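Notes follow the structure.
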2 protein chains.
Amino acid sequence: MLKTVLRFGLIILALLILFQLSNASLFLPAISADFIIGLGAVILIALGIYLGGNIKKDTIIEVEGPIEINATKIEELGLSEREMEVLQLISKGYSNVEIGEKLFISESTIKTHVSNLFVKLDVKRRTQAVTRAKELHIIA
Amino acid sequence: MLKTVLRFGLIILALLILFQLSNASLFLPAISADFIIGLGAVILIALGIYLGGNIKKDTIIEVEGPIEINATKIEELGLSEREMEVLQLISKGYSNVEIGEKLFISESTIKTHVSNLFVKLDVKRRTQAVTRAKELHIIA
DNA sequence: CGTATTTTGGTACTAAAGTATGAGGACATA
DNA sequence: TATGTCCTCATACTTTAGTACCAAAATACG
């Protein structure tokens, strides 16, 4: 919450600086207006990237303790978002039916996801899948 | 790769547009220069957020410190040695048959141990048992 | 030695998990 | 528009897992 306030504060601050620059450029003909505007653009994009990066980190990578999730590995294995959701619920000990209820989809679909998951993780049972996933640091 | 090119293209395009706007504003006094610059700023930040959100991060994997086993808890739950062995093998992803082979006892016996384990841990499935056992720090 | 606990094993059954296959819809991209 | 990927769901089947109940050895202990 406090971070959110800080971020929006940064955005407003950046806007204010840009507005000031637009005036300052009139009194500093020695410096090209184009240069200043370009500089402002770079700063704003950098700010945006910073904000975007943090937003992504907060929403996708939820971790407790010192263990972090290896997002690269997930891509390497070709695991989809839905598959990751299912994998996480499996690791928490839920049955296929329970997982279906939590995700509002049928048990059949869960079984499909689970089977695909096993192929991609190269395992044969859900308990193995959890062990393997933790080894690879793709779940907490 | 193609996406990367597209993104950098977008950045350059945005910069060009901004430069053009800085000129256009001189010929369009009806529209406030501040407004145009503000609009540009918003667009650039949005672009930055989009770009930042798509940058893949190689997250650092930090190793967890020494995990302590709570021997007291094991006693409290009344878990026998054999049950602990079975529990550990379950957590490694082995099937009942495989566990039986490793401990040189029949699958029937494993099932008995597993069922007793479930009662003592107050769970209904082996995946739950693993989750619970780790919560209680009775397995690594 | 007698008693309690653990470990072992079996049978019979139900429930859940997992496999194989096919297929339609959603959505982004070439 | 065509293509490919993901998500969805279903049917039919096989395999594990799990429950209930029982019982015989092995082991620990006062």
Side-chain angles (χ1 to χ4, degrees), chain A residues 60 71 74-133 138, chain B residues 1-10 50-51 53-54 56 71 74-133 138:
Chain A
I60 298 212
I74 295 174
E75 268 208 26
E76 277 178 21
L77 296 172
L79 300 178
S80 71
E81 273 189 48
R82 211 51 161 169
E83 286 165 353
M84 282 302 297
E85 288 184 274
V86 172
L87 180 56
Q88 266 149 6
L89 291 175
I90 287 178
S91 80
K92 288 181 182 171
Y94 294 111
S95 69
N96 289 336
V97 172
E98 286 170 341
I99 294 172
E101 287 169 356
K102 282 187 180 289
L103 299 182
F104 303 106
I105 54 182
S106 78
E107 189 197 356
S108 295
T109 307
I110 301 299
K111 284 189 175 184
T112 304
H113 287 317
V114 171
S115 282
N116 293 333
L117 222 30
F118 289 174
V119 173
K120 292 177 182 179
L121 290 175
D122 189 31
V123 296
K124 296 221 166 294
R125 281 176 294 280
R126 53 175 53 213
T127 44
Q128 260 184 5
V130 173
T131 305
R132 182 119 187 79
I138 60 178
Chain B
M1 179 54 72
L2 201 146
K3 282 183 181 175
T4 307
V5 175
L6 268 176
R7 281 169 199 159
F8 276 91
L10 274 177
Y50 166 72
L51 292 173
N54 282 288
K56 305 293 179 185
I74 295 175
E75 271 204 23
E76 277 178 21
L77 296 173
L79 300 179
S80 71
E81 272 189 48
R82 212 48 162 170
E83 285 165 353
M84 282 302 297
E85 288 184 274
V86 172
L87 180 57
Q88 265 149 6
L89 292 174
I90 286 177
S91 80
K92 288 181 181 170
Y94 294 110
S95 70
N96 288 336
V97 172
E98 286 170 341
I99 295 173
E101 286 168 356
K102 282 186 180 290
L103 300 182
F104 303 105
I105 53 182
S106 78
E107 188 197 353
S108 296
T109 308
I110 301 299
K111 285 189 175 184
T112 304
H113 287 316
V114 171
S115 281
N116 293 333
L117 222 30
F118 289 173
V119 173
K120 293 177 181 178
L121 290 175
D122 189 30
V123 296
K124 296 223 166 292
R125 281 177 294 280
R126 55 175 55 213
T127 44
Q128 260 183 5
V130 173
T131 305
R132 182 118 188 81
I138 59 177

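Per chain, numbering begins at 1; letters A, B, ... match sequence-line order. Please read all numbers here as calculations on a predicted model, not as lab measurements.
Between the side chain of A:Q128 and the main chain of A:K124, a donor-acceptor pair closer than 3.5 Å is present. With hydrogens and angles ignored, the 3.5 Å screen pairs no side-chain donor or acceptor of B:K111 with any backbone N or O of B:N96.
The CD atom of A:Q128 sits 13 Å away from the C1' atom of C:dG18 (whole-angstrom rounding). Atom CG in A:L103 sits roughly 11 Å away from atom P in D:dC7 (whole-Å rounding). The CZ atom of B:R126 sits 19 Å away from the P atom of C:dA15 (whole-angstrom rounding). If you measure from atom CD1 of A:I99 to atom C1' of C:dG18, you get 13 Å, rounded to the nearest angstrom. Regarding B:I110, its CD1 atom lies at a distance of 18 Å from the C1' atom of C:dT11, rounded to whole Å. Atom P of nucleotide C:dA17 and atom CG of A:L89 are separated by 13 Å, given to the nearest angstrom. Between the CG atom of A:L87 and the C1' atom of D:dC6 there is a distance of 17 Å, rounded to whole Å. When the P atom of D:dT19 is taken as reference, atom CG of B:N116 falls 10 Å away, rounded to whole Å.
Of all non-hydrogen atoms in B:V130 and B:S91, the two that sit nearest each other are CG2-CA, 3.6 Å. A:M84 approaches A:I138 most closely through the heavy-atom pair CE-O, 3.1 Å. Closest non-hydrogen pair, B:Y94 versus B:R126, comes out as O-NH1, 3.0 Å.
Checking the phosphate oxygens (OP1, OP2) of D:dT8, a side-chain nitrogen or oxygen of A:H113 falls inside 4.0 Å. The shortest distance between the side-chain N/O atoms of B:T109 and the OP1/OP2 oxygens of C:dT7 is not below 4.0 Å. Distances shown here put a side-chain N or O of B:N96 below 4.0 Å from the OP1 or OP2 atom of D:dA17. In terms of phosphate contacts, B:S80 brings a side-chain nitrogen or oxygen within less than 4.0 Å of OP1 or OP2 of C:dT7. Of the side-chain N and O atoms in B:S106, one or more sit less than 4.0 angstrom from OP1 or OP2 of C:dG10. Using a 4.0 Å cut-off, some side-chain N or O of A:S115 falls inside it from OP1 or OP2 of C:dT19.
Checking D:dG18, C:dG9, C:dG18 against the side-chain heavy atoms of A:R125 singles out C:dG18 as nearest. Distance from the side chain of A:R82 is smallest for D:dT8 among the nucleotides D:dT8, D:dT11, C:dG9. Side-chain proximity of A:F118 to the nucleotides C:dG18, D:dC7, D:dT16 is greatest for C:dG18.
Along DNA chain C, the nucleotide nearest A:Y94 and the nucleotide nearest B:K120 are compared for position; the residue whose nucleotide lies closer to the 5' end is B:K120. Closest-nucleotide positions on DNA chain C for B:L79 and B:I105 were compared, and the one nearer the 5' end corresponds to B:L79. Nearer to the 5' terminus of DNA chain D, by closest-nucleotide assignment, is the contact made by A:K111 (compared with the other of B:V114 and A:K111).
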Report task. Check the pair B:L87 / B:L121 against side-chain contact (heavy atoms from CB on, under 4.5 Å), numbers first and verdict last. Result -> CA-CA 11 Å; B:L87 180 57; B:L121 290 175; 4.2 Å; yes
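As judged by a 4.0 angstrom heavy-atom cut-off over every strand, B:E81 is placed among residues touching the sugar-phosphate backbone only.
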